[in-house]
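Beneath this line is the structure, given in structure tokens, with notes to follow.
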Amino acid sequence: MNAVSTDFSREITATMTALSADEDVRAVVVTSTSPRAFCVGADLKERNGFSDAQMMDHRLVTRKAYRAVLDLPMPAVAAVEGFALGGGMEIALSCDLVVAGTEATVGLPEVGVGVVPGGGGTQLVTRRVGWSRAASMIFTGRRMTAKEAHRLGVLDELVEAGTARDRALEIAAQIAGNSPVAVRNAKRAMRLGMGVDLAAGLEIEDGAWRATAFSGDRKEGVAAFAEKRAPRWPGR
């Protein structure tokens, strides 16, 4: 069920670090091979019996994993089927878009076991849906159906059960058809601009524009448009 253990956290970090360093990767789909669960969250069996020192060591490892997903420079799409709970939901929220099958079950139940969401949940879900909806979700720790989560804005797109991965791949392919330089710079501007005022955000956007406008991708995009052909992005 993809419980987030120490070893699994290290695997996530290593995978995301490798993807981040690969300039040929234009979009990422984060999914599960199990139809039963995207990820059920923390491995509580492993945590049971941890000393305080072990718990802190574990925290440092898991935090790197969640942050590695969030910091991907290219767009990431989560494809959720089955359970996405606690840390599993936070992995999905760390992606830019979340597609879910209609039979998925999601939630941030951490307060029910004496902790708080620690993989970005308190920040990411609040930014997605606003204070009161996030508070209701986190303070109650309730599980939600995919339909309710979609209605609240926690999930971006709802599809027939069993088809979330296919739909996520469609979205990723559409993203991958665009300029990788432009897409990465757009994502960077959006992420950096979220926590600043409008004036500062517009300066961040201008920096992203400058980093893109004088790239080979811009030259190729304009040439392809003029020649009525598909662009061949140099990616730089």
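Small disclaimer: the values here were computed from a predicted structure and weren't measured.
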[Y] side chain reached by [X] side chain, heavy atoms, under 4.5 Å:
{"X": "K64", "Y": "R59", "value": "no"}
{"X": "R151", "Y": "K147", "value": "no"}
{"X": "V61", "Y": "R10", "value": "yes"}
{"X": "C95", "Y": "V77", "value": "no"}
{"X": "V69", "Y": "M16", "value": "yes"}
{"X": "R36", "Y": "F83", "value": "no"}
{"X": "F38", "Y": "I91", "value": "yes"}
{"X": "R184", "Y": "M74", "value": "yes"}

Is the number of heavy atoms from other residues, nucleotides or ligands within 6.0 Å of [atom1] ([X]) greater than 12?
{"X": "D52", "atom1": "CG", "answer": "no"}
{"X": "E23", "atom1": "CD", "answer": "no"}
{"X": "R165", "atom1": "CZ", "answer": "no"}
{"X": "E227", "atom1": "CD", "answer": "yes"}

Would a distance-only check, ignoring hydrogens and angles, find a side-chain to backbone donor-acceptor pair under 3.5 Å from [X] to [Y]?
{"X": "E90", "Y": "G121", "answer": "yes"}
{"X": "E46", "Y": "T6", "answer": "yes"}
{"X": "W233", "Y": "G177", "answer": "yes"}
{"X": "R63", "Y": "G119", "answer": "no"}
{"X": "T163", "Y": "E160", "answer": "yes"}
{"X": "S9", "Y": "A65", "answer": "no"}
{"X": "R236", "Y": "P234", "answer": "yes"}

To check you understand the geometry: which heavy-atom pair defines the closest contact between [X] and [Y], and what is its length?
{"X": "G153", "Y": "V129", "answer": "C-CG1, 3.5 Å"}
{"X": "M89", "Y": "L155", "answer": "CE-CD2, 4.1 Å"}
{"X": "A146", "Y": "G101", "answer": "CB-O, 3.4 Å"}
{"X": "A37", "Y": "S32", "answer": "O-OG, 2.8 Å"}

Regarding [X] and [Y], does a basic nitrogen lie under 4.0 Å from an acidic carboxylate oxygen?
{"X": "R229", "Y": "E220", "result": "yes"}
{"X": "E157", "Y": "R167", "result": "yes"}
{"X": "D96", "Y": "K187", "result": "yes"}
{"X": "R128", "Y": "D156", "result": "yes"}
{"X": "E148", "Y": "R142", "result": "yes"}
{"X": "R47", "Y": "D43", "result": "no"}

Find the distance between [atom1] ([X]) and [atom2] ([Y]) and round it off to the nearest 0.5 Å.
{"X": "L108", "Y": "M144", "atom1": "CG", "atom2": "CE", "value": "7.5 Å"}
{"X": "T17", "Y": "L72", "atom1": "OG1", "atom2": "CG", "value": "9.0 Å"}
{"X": "E81", "Y": "T33", "atom1": "CD", "atom2": "OG1", "value": "12.5 Å"}
{"X": "T212", "Y": "D217", "atom1": "OG1", "atom2": "CG", "value": "8.5 Å"}
{"X": "M190", "Y": "N185", "atom1": "CE", "atom2": "CG", "value": "13.0 Å"}
{"X": "F8", "Y": "T15", "atom1": "CZ", "atom2": "OG1", "value": "8.5 Å"}

Is there a path from [X] to [Y] through hydrophobic residues (I, L, V, M, F, W, Y) whose side chains come within less than 4.5 Å of each other?
{"X": "V183", "Y": "V99", "value": "yes"}
{"X": "I175", "Y": "V25", "value": "no"}
{"X": "L70", "Y": "V28", "value": "yes"}
{"X": "L93", "Y": "I12", "value": "yes"}
{"X": "L97", "Y": "L124", "value": "no"}

Take V196 and I204 through the side chain to side chain contact (heavy atoms under 4.5 Å, CB included) test and state the conclusion after the steps. CA-CA 10 Å; V196 302; I204 291 170; 4.1 Å; yes
Can R133 and M137 be said to form a side chain to side chain contact (heavy atoms under 4.5 Å, CB included), step by step? CA-CA 6 Å; R133 289 180 174 184; M137 182 177 175; over 6 Å; no
